Structure formats: C-alpha cells, structure tokens
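Model, not experiment: these values are computed from the prediction. All values below come from the heavy atoms of this structure, side chains included, with hydrogens, waters and symmetry mates left out. For this chain, numbers begin at 1 and follow the sequence in order.
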Amino acid sequence: MYFLTRIRETIRVPPNRFGEPIEDVILDITRTKNETTIGSDIGMIVAILAINDISPGRIVPGDGATFHDVEYQAITFRPLNDEITEGEVVETTKFGFFMRIGCTDALAHISQIADEYFQMSSRSSGVLVGRESGRTIRPGDLVRGKIITATVDHVSMKIAITMKGEGLGLKSWIEEEKVKA
C-alpha cells in the first residue's frame, strides 16, 4: 500500500528564488507541486522525503527561470487488488459505507458487506443494519476488508472492498467467528 519511490522530473526554478540554496528551493517547489497529487503509475504522492540528485540548470529562451532534472524520494500510496486492509468507517449511505484506508477512502457496496441484506436503519440515522442478524455498521466502527478493485488515474483513486470472507468484517464480528470456531 505504501511504497518508497524514486521519481525523476524537471523542476522549474523562477528567478525570484535564485539567491536561495538550490537544494532548499528544489525541495520546496517539488513538495508544493507534487504532494497529494495522483499518478496512474505510482498512486498518490503522500510525502517527498529528500532530493537525491539535481542537474545543472538549463535556460529556455524567453523564460528567465532555470530548469533542473531532479530525482527525489517520495512515499507513495497505491492500493493493490486482493490486499487485506483495516480502517475506520467514516460514512454510511443507503448503498454501503466508506472506509478510511491510508490517505483515502474505499467503498464497501451494500452487496459486499456480508451474505445478508443490509439497509439503513429506520430508527437511527447513519446506521446500516443486517436484516437477519441485526448486526450494525456505523461511523467509527473498525473494519477489515479486502480490496477487490482499485482504479488509479491521473486525477483520482477509486477503491472497492469486500467484507465477505473468513477474517473480514467488523472487528467484533471477527471475534465472534473465532469464538464459534
């Protein structure tokens, strides 16, 4: 899910930053430009840790800035299919719930919660209730799920999880299953 990634790109340093130490300027510009952005090949850049290499600057005619080829280390977040993950329920809806995993949210569709039908409670807002078992899911619950699809493009991440299967579900459900076994 989290990776230490080396990234290469060209960074533009504007003339108003020329008097500052180049390493500090490049790190600042790189963090401002790239942290929390998403790339289809690397996922979300969570944090830029260090600049590893800076090439001598190039000047492009008509632009007073310098351009440097830079290599830096970043922590990236990329969800993987079939990965087991734990998180907190952050929102419930009539079509399922959203679970916080890492630095983003994943959707557990109502059909992927359990082998029974779940629906919004008529008595309590924000609570999903199992029709047969009476089990509930509400914001703040801790859950374990399995990523069944993860789509990452240059703008967003869409992650779907399931809680169907052994060892998946709310922590209390998992403990109940252990006791039964």
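Contacts classified as ring-ring contact (aromatic ring centres under 6.0 Å, His included) and involving residues 51-74 (residues at least two apart or in different chains) are not found.
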Test side chain to side chain contact (heavy atoms under 4.5 Å, CB included) on I148 and N81; report intermediate values, then the result.
CA-CA 5 Å; I148 51 177; N81 287 339; over 6 Å; no

Which is it for D53 and R8 under the side chain to side chain contact (heavy atoms under 4.5 Å, CB included) test, yes or no, and what are the steps along the way?
CA-CA 9 Å; D53 186 46; R8 289 197 68 81; 4.0 Å; yes

Under the side chain to side chain contact (heavy atoms under 4.5 Å, CB included) criterion, do I161 and Q112 qualify, and how do the steps go?
CA-CA 7 Å; I161 63 166; Q112 294 298 317; over 6 Å; no

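Contact detail for A65 and P14: the closest heavy-atom pair is CB-CA, 4.0 Å. Minimum interatomic distance between F77 and I159 (heavy atoms only, all atoms of both residues): CE2-CD1, 4.5 Å. For the pair P15 and G64, the tightest heavy-atom approach, listed with the atom from each and the gap, is CG-O, 3.4 Å.
Side-chain contact between F3 and I42 is absent, with no heavy atoms from C-beta onward closer than 4.5 Å. Residues R58 and T10 are in side-chain contact: their nearest non-hydrogen atoms beyond the backbone lie under 4.5 Å apart. The closest side-chain heavy-atom distance from N34 to E9 is below 4.5 Å. The shortest distance between side-chain heavy atoms of T92 and F97 falls below 4.5 Å. When side chains are defined from C-beta on, T36 does not count as touching C103, because their heavy atoms never get closer than 4.5 Å. R123 is not listed as a side-chain neighbour of V129, based on a closest heavy-atom distance of 4.5 Å or more. Using a 4.5 Å heavy-atom cutoff, the side chains of L80 and M1 are not in contact.
With hydrogens and angles disregarded, no donor-acceptor distance shorter than 3.5 Å links the side chain of D28 to the backbone of V25. Not one N or O on the side chain of K158 forms a donor-acceptor pair closer than 3.5 Å with the backbone of T149. Side-chain N or O atoms of E132 include none that pairs as donor or acceptor with a backbone N or O of E116 at under 3.5 Å. Judged purely by atom type and a 3.5 angstrom limit, E88 has no side-chain atom pairing as donor or acceptor with the backbone of R100.
I75 and V70 fall into different hydrophobic clusters, where Ile, Leu, Val, Met, Phe, Trp and Tyr side chains are chained together by heavy-atom contacts under 4.5 Å. A chain of hydrophobic side-chain contacts below 4.5 Å, direct or via other Ile, Leu, Val, Met, Phe, Trp or Tyr residues, connects M120 to M163. Neither V127 nor V89 shares a network with the other; the hydrophobic side chains, linked directly or stepwise wherever heavy atoms of I, L, V, M, F, W or Y lie under 4.5 Å apart, form separate groups for each. In the hydrophobic clustering of this structure, F98 does not group with V143; members are Ile, Leu, Val, Met, Phe, Trp, Tyr whose side-chain heavy atoms approach within less than 4.5 Å, directly or through other members. Under a hydrophobic-cluster definition in which Ile, Leu, Val, Met, Phe, Trp and Tyr are linked whenever side-chain heavy atoms come within less than 4.5 Å, directly or via other members, Y117 and L128 are assigned to different clusters.
To the nearest 0.5 Å, atom CD of residue E20 and atom CD1 of residue I26 are 11.0 Å apart. The line from CD1 of I11 to CD1 of I54 is 9.5 Å long, rounded to the nearest 0.5 Å. The distance from atom CG of L107 to atom CZ of F95, rounded to the nearest 0.5 Å, is 6.0 Å. Note that OG1 of T66 is 11.0 Å distant from CZ of R17, once rounded to the nearest 0.5 Å. Between Q73 atom CD and L4 atom CG the span is 4.5 Å, to the nearest 0.5 Å. Distance CD1/I38 to CD1/I45: 10.0 Å, rounded to 0.5 Å.
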Listing, residues 167-176 side-chain donor-acceptor contacts under 3.5 Å, not counting sequence neighbours, or none:
from: K171; atom 1: NZ; to: E86; atom 2: OE1; distance (Å): 3.0
from: K171; atom 1: NZ; to: E86; atom 2: OE2; distance (Å): 3.0
from: E176; atom 1: OE1; to: R135; atom 2: NH2; distance (Å): 3.0

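Under a 4.0 Å N-O distance rule, the pair R78/D41 does not qualify as a salt bridge.
T85 pairs by the side chain to side chain donor-acceptor pair (under 3.5 Å) definition with nothing, not counting sequence neighbours.
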